[in-house]
Amino acid sequence: MEKIVSLCKRRGYLFQSSEIYGGIQGFWDYGPLGVELKRNLKDAWWHDMISGHNELVKPESAPRAFEMVGLDSTIIMHPQVWKCSGHYDLFHDHMVDCRESKKRYRFDQIRGRWVEYQDKKVFVTTMAEAEQELDEVRRRGMKFFKLRNKDADKITVGNESLTLDKLDSTENVLAPDAKSLDTLTEPREFNLMFKTTLGALGGEDDTTFLRPETAQGIFVNFKNVLDSSRVGLPFGIGQVGKSFRNEITPRNFTFRSREFEQMEIEFFCHPDQSQEWYRYWRDRRLAWYKELGLSDESLIMREHHQEELAHYSVGTADIEYAFPFLPEGEYGELEGIAHRGDFDLRSHMEGKLDPSTRPMQVELGEDGKPKYRGSGRDLTYRDEATNEKFVPHVVEPSAGADRGALAFLCEAYTEDEAPDENGKMQTRTVMKLHPRLAPIKAAVFPLVKKDGMPEVAHEIYGELKRHMNVFYDEKGAVGRRYRRQDEAGTPYCITVDTDTLTDRTVTIRDRDTLEQTRVKIDDVVADLRTRING
Ligand code: ATP
């Protein structure tokens, strides 16, 4: 992981936000290569899910043909949205404070092991990354028992690394930054929504929130979309945009950030068909990651157990990726696909529902009135063919653009061997990104900076620029120029050489196979298009 992080900074994929002021935790900036990668990922999603979707043809595994449309709603919405959605009451994590170090941690993210010395057993914790966890626990355990390095074999460190939520009590716990035991408070709930104030007066009534997900913007516009376009059930509304969560312990590079982007679909269908659509979206979304290059071995689909499910949900599955910062055998969520029933539309219509009731009833406050009043707007759907009126059920595939970009970066990072300009094999670092995702699609090089080669290369570069993001480089040995492009993940390098001057052909070198093919200058655009889009 360290190598990936360092490459990301060195080559301009990712920078820590406000780095010149020491940085700000949980916020990341995308550099010149990173912004292209993330944009390509979002564009691929938008194209494959929304704009490129053909509603006239039934996709192979879909129950039937369907429509897809897009939306771009605001980040700040009416505060009632978050009350009815459940985020106001329920969107929380459990956090603990350390009385000694004054630091705050997410309860389920503190890891540790039992360390035993003589007849005393202490649970030593750390926030270190998985690779350093064991060493760090041992080091802290030795320090706690005041042992020197030569006495290292006098302590026993447990084989199992556990998160704090797996222990019955925190009594014998050495907190991650503490010197004495039992300094952690009981876990407390902490709302993850960022608060902000509207207008100049700023009373309690003016408090609103930065959205923690894009989905609610879709639900509250359900009727607008229905009334303004000719879509009919089943159909999906997709949205890509920023979301904000005041994560207690942002970590693992961009994996858990406080500001991030989501790519979400709310798919509306008849309740009787919702199970089939759930299965369709679950499988389709997994296939999408594979098509763009994530390997079978590093991806899993995890169906939630019955007790993990929200009460109203008949199924939720997470698509998870074996991020290299996680311990062997553990996976991190890339996307969740949830069957949400009619919870959201009904809550926005009638008032926040109590998910533990069957059938779900509006949650009541102490005064016996609805705790959070809904909009009162009719969010039902009338099927024109059958005249049936109902509240549609929803299937929600919800993906993170930053987690996606990180997974593709991790998957792409490869060290292999390639010949240098003298034909000698050298280790090279190459980012094997799918051509659709690669920040730069092709680089154009004149073999040497004379004999009219740069002029021809400029001509090709100018033509290609009209179609895709390309890069021009005439500095240094051509082998070194290839290496730089390999590191940037550029799938194709086009070289103008002596033959070009007589037959107007160039070589196109493939980043992964290293194969070089001669192509007519006039065919370069079409050739690259086919290579990139298949
Ligand atoms: P986690 O359990 O990891 O906090 P979640 O289950 O709360 O995630 P969802 O609410 O289902 O996540 O959000 C949908 C997607 O949004 C996630 O699969 C992930 O890709 C992305 N996402 C959520 N929280 C973050 C975050 N803090 N940083 C980056 N991406 C995030």
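Order of appearance sets the numbers: ligands from 1, and atoms from 1 within every ligand. Keep in mind the model is a prediction, meaning the values are calculated, not measured.
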Seminar exercise, completed: Minimal heavy-atom distance between Phe390 and Pro271, with the atoms involved, is CD1-CD, 3.7 Å
Seminar exercise, completed: For Glu247, the ligand 1 atoms with a heavy-atom partner under 4.0 Å come out as 26 (C), 27 (N)
Exercise. Does the ring center of Tyr321 lie less than 6.0 Å from the ring center of Phe323?
Worked result: yes
Exercise. Between the side chains of Ser6 and Lys9, is a donor N or O closer than 3.5 angstrom to an acceptor N or O?
Worked result: no
Exercise. Backbone or side chain, does any N or O of Phe255 fall under 3.5 Å from an N or O of ligand 1?
Worked result: yes
Seminar exercise, completed: In ligand 1, the atoms that come under 4.0 Å of a heavy atom of Gly400 are 20 (O), 21 (C)
For this session: Answer yes if the side chains of His348 and Gln216 hold a donor-acceptor pair under 3.5 Å, and no otherwise.
Result: yes
Exercise. Is there a heavy atom in Leu334 that sits closer than 4.0 Å to ligand 1?
Worked result: yes
Exercise. For Arg403, is at least one N or O under 3.5 Å away from an N or O on ligand 1?
Worked result: yes
Exercise. If you look at every heavy atom in Glu100 and Asp177, which pair is closest and at what distance?
Worked result: OE2-O, 4.3 Å
Exercise. Is there a donor in the side chain of Asp318 and an acceptor in the side chain of His304, or the other way round, less than 3.5 Å apart?
Worked result: yes
Exercise. Near Glu333, which atoms of ligand 1 are under 4.0 Å from a heavy atom of that residue?
Worked result: 6 (O), 8 (O), 11 (O), 12 (O), 17 (C), 18 (O)
Exercise. Under 4.0 Å from any heavy atom of Glu335, which atoms of ligand 1 are there?
Worked result: 18 (O)
Seminar exercise, completed: So the atoms of ligand 1 within less than 4.0 Å of a heavy atom of Arg245 turn out to be 5 (P), 7 (O), 9 (P), 10 (O), 12 (O), 13 (O), 23 (C), 24 (N)
Exercise. Any N/O of Arg106 closer than 3.5 Å to an N/O of ligand 1?
Worked result: no
Problem set entry | Polar contact flag for Glu264 and ligand 1 (N/O pairs, less than 3.5 Å) | no
Problem set entry | Partner of Phe268 under ring-ring contact (aromatic ring centres under 6.0 Å, His included), chosen from Phe235, Trp277, Phe66 | Phe235
